[in-house]
Number of protein chains: 2
Amino acid sequence: MKVSDQANGTNQQNDCTATPLGRAIHLLGDSWVLLIIMNLLRGSMRFNTLRATLNHISSKTLSNRLKLLEELGFVQRKAFLEIPPRVEYHITEKGQELGDVIAALEKFGNKHLSNLPAPSNNDCQLSTEKPPCDQDTL
Amino acid sequence: MKVSDQANGTNQQNDCTATPLGRAIHLLGDSWVLLIIMNLLRGSMRFNTLRATLNHISSKTLSNRLKLLEELGFVQRKAFLEIPPRVEYHITEKGQELGDVIAALEKFGNKHLSNLPAPSNNDCQLSTEKPPCDQDTL
DNA sequence: CAGGATCCGATCGGATACTG
DNA sequence: CAGTATCCGATCGGATCCTG
């Protein structure tokens, strides 16, 4: 059960998109979305920068998620008509509030997922230090 | 990118399991886990009851998630040696704190995912009313 | 009733190549 | 650089059957 490539909600299965919480779960029940939001929360980024930060994401996947987030109004795409082209993605007001969720996640992780045996690999850019997102809005 | 069937963390790809937040994202980046926790937060449930509540989950998937959550210590499995067998799953102290995440999710959903055009289907049992989980701990 | 085993289709996501 | 299109393998998850 993942977020579909397009932001169509016509999934017949089990997305529970009937209620806000269901939709939230459906949306945030996707690691990439979480990761993208997390990084964008710390500042606007260009496509490839973002892609480099999320180490192993393919351009396809990143593109999909970004498109989805844009449609939902959580991320704003700003394209500069230059050569070479430059596109910057940044969080919208709405998207900012996902910081609360991330914060809750982080707090939980720090409390209960810290001292588990780390499984050997270290992939994505997940800085432990607090990003300057407004967590005081909690 | 989903939570693997077993709770092994030996995923070589991109799970970002190095940092607590990464692990949290990895764990909560799964709709079923979120849904299960959500329902268990409202009270202990038996296997099939839980399964009925999460309308379309297969016993396999539910079993996997439950096992994972148990290994991580967020859910406690209590089996009664009766015939027919009865097994109750209930949230642990640790698991309780996932309520914060759920709460954040719900708050966000209510605020930003409420008035979107609902896509026709209504599957899972996602009650809109607040569960009695401690959201004031935020 | 709780759940393990298996089969198998659906989907996702990575790699690559290509375009403006 | 910022994607899109395509191919295709890996994985997940549903259905079914079976057991204690």
Side-chain angles (χ1 to χ4, degrees), chain A residues 1-8 10-16 26 29-33 35-36 44-71 75-90 123-124, chain B residues 1-8 10-16 26-27 29-33 35-36 40 44-71 75-90 123-124:
Chain A
M1 186 154 69
K2 304 193 179 185
V3 55
S4 44
D5 276 2
Q6 310 306 329
N8 66 7
T10 50
N11 196 337
Q12 224 64 2
Q13 275 90 271
N14 50 10
D15 31 34
C16 319
H26 187 61
D30 180 281
S31 306
W32 287 131
V33 169
L35 258 359
I36 292 171
S44 303
M45 294 179 89
R46 301 175 58 174
F47 187 84
N48 276 333
T49 314
L50 192 51
R51 192 160 166 235
T53 306
L54 308 165
N55 246 342
H56 296 294
I57 198 173
S58 66
S59 63
K60 177 185 177 182
T61 304
L62 180 55
S63 179
N64 285 339
R65 296 300 190 283
L66 249 16
K67 214 175 298 176
L68 169 67
L69 287 170
E70 196 194 353
E71 286 181 39
V75 162
Q76 166 102 20
R77 192 189 117 111
K78 195 163 280 180
F80 299 81
L81 296 177
E82 314 172 350
I83 307 263
R86 173 162 47 123
V87 179
E88 276 180 4
Y89 291 90
H90 48 89
D123 276 335
C124 300
Chain B
M1 186 156 64
K2 305 195 179 185
V3 55
S4 44
D5 276 4
Q6 309 307 329
N8 67 10
T10 50
N11 193 336
Q12 225 63 4
Q13 273 91 270
N14 50 10
D15 34 32
C16 318
H26 187 59
L27 173 65
D30 179 281
S31 307
W32 287 131
V33 169
L35 259 359
I36 292 171
L40 250 29
S44 304
M45 295 179 88
R46 300 174 60 174
F47 188 84
N48 276 333
T49 314
L50 193 51
R51 188 155 169 238
T53 307
L54 307 166
N55 246 341
H56 295 293
I57 198 173
S58 65
S59 65
K60 176 184 176 181
T61 304
L62 179 55
S63 178
N64 286 337
R65 296 300 189 282
L66 249 16
K67 214 175 298 174
L68 170 66
L69 287 170
E70 196 194 353
E71 286 181 38
V75 163
Q76 166 103 19
R77 192 189 117 111
K78 194 162 282 180
F80 299 80
L81 296 178
E82 313 172 352
I83 306 267
R86 173 161 49 121
V87 179
E88 275 180 5
Y89 291 90
H90 48 90
D123 277 335
C124 300

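What you are looking at is a predicted structure, and each value in this text was computed from that prediction instead of being measured. Chain naming here is simple, since letters A, B, ... match the order of the sequence lines and numbering starts at 1 in each.
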Worksheet item: Among dG13(C), dC1(C), dG20(C), which nucleotide sits nearest the side chain of Thr61(A)?
Response: dG13(C)
Practice prompt. Take atom CG of Asp30(A) and atom C1' of dG13(C), then tell me their distance rounded to the nearest Å.
Written response: 11 Å
Worksheet item: In whole angstroms, how far is the P atom of dG3(D) from the CD atom of Glu88(A)?
Response: 12 Å
Discussion item. Need one value for Arg51(B): base, sugar-phosphate or nothing, where a base atom within 4.0 Å counts as base even if backbone is also close, heavy atoms only.
Written reply: nothing
Worksheet entry | Interatomic distance, Phe47(A) CZ vs dT19(C) C1' [rounded to whole Å] | 14 Å
Item to complete: Output the single nucleotide from dA2(D), dT6(C), dG13(C) whose closest atom is nearest the side chain of Arg77(A).
Response: dA2(D)
Practice prompt. Evaluate the side-chain proximity of Asp30(A) to Leu68(A): yes if any heavy-atom separation is below 4.5 Å, no if none is.
Written response: no
Item to complete: Starting from C1' on dT19(D), measure out to CD1 on Ile83(B) and report it in whole angstrom.
Response: 12 Å
Discussion item. Are Phe47(A) and Leu66(A) packed together at the side-chain level, in the sense that at least one heavy-atom pair is separated by less than 4.5 angstrom?
Written reply: yes
Worksheet item: Within less than 4.0 Å of OP1 or OP2 of dA2(C), is there a side-chain N or O belonging to Arg46(B)?
Response: yes
Worksheet item: Less than 4.5 Å apart, any side-chain heavy atom of Met45(B) and any of Leu40(B)?
Response: yes
Practice prompt. Select one nucleotide: of dG3(D), dG13(D), dC1(D), the one nearest the side-chain heavy atoms of Arg65(B).
Written response: dG13(D)
Worksheet item: Once you round it to whole Å, what is the distance between P of dC1(D) and CG of Leu66(A)?
Response: 17 Å
Discussion item. Rounded to whole Å, please give me the gap between CG in Asn64(B) and P in dA15(D).
Written reply: 15 Å
Response to the item:
When rounded to whole Å, the CG to C1' distance for the pair Leu62(B) and dG14(D) reads 13 Å
Item to complete: Measure from the side chain of Lys67(B), starting at C-beta and using heavy atoms only, and say which of dG14(C), dG4(C), dC1(C) lies closest.
Response: dG4(C)
Worksheet item: From dC1(C), dG13(D), dA2(D), pick the nucleotide closest to the side chain of Val87(A)?
Response: dA2(D)
Fill in: Whole-Å distance separating the CZ atom of Arg86(A) from the P atom of dG3(D)
13 Å
Item to complete: Choose from dG4(C), dA2(C), dG13(C) the nucleotide whose nearest atom is closest to any side-chain atom of Ser59(B).
Response: dG4(C)
Item to complete: Could you check which of dA2(C), dA2(D), dA15(D) has an atom nearest any side-chain atom of Lys60(B)?
Response: dA15(D)
Worksheet entry | Reported CD-to-NZ distance for the pair Glu88(A) and Lys78(A), which is rounded to 0.5 angstrom | 8.0 Å
Worksheet item: Is the closest side-chain heavy-atom distance between Thr61(A) and Leu54(A) below 4.5 Å?
Response: no
Worksheet entry | Side-chain N,O (Ser63(A)) to OP1/OP2 (dA2(D)) below 4.0 Å | no
Worksheet item: Out of dG13(C), dA2(D), dG13(D), which nucleotide sits closest to the side chain of Ser58(B)?
Response: dG13(D)
Discussion item. Taking 4.0 Å as the cut-off, does a side-chain nitrogen or oxygen of Tyr89(A) come that near to OP1 or OP2 on dG3(D)?
Written reply: yes
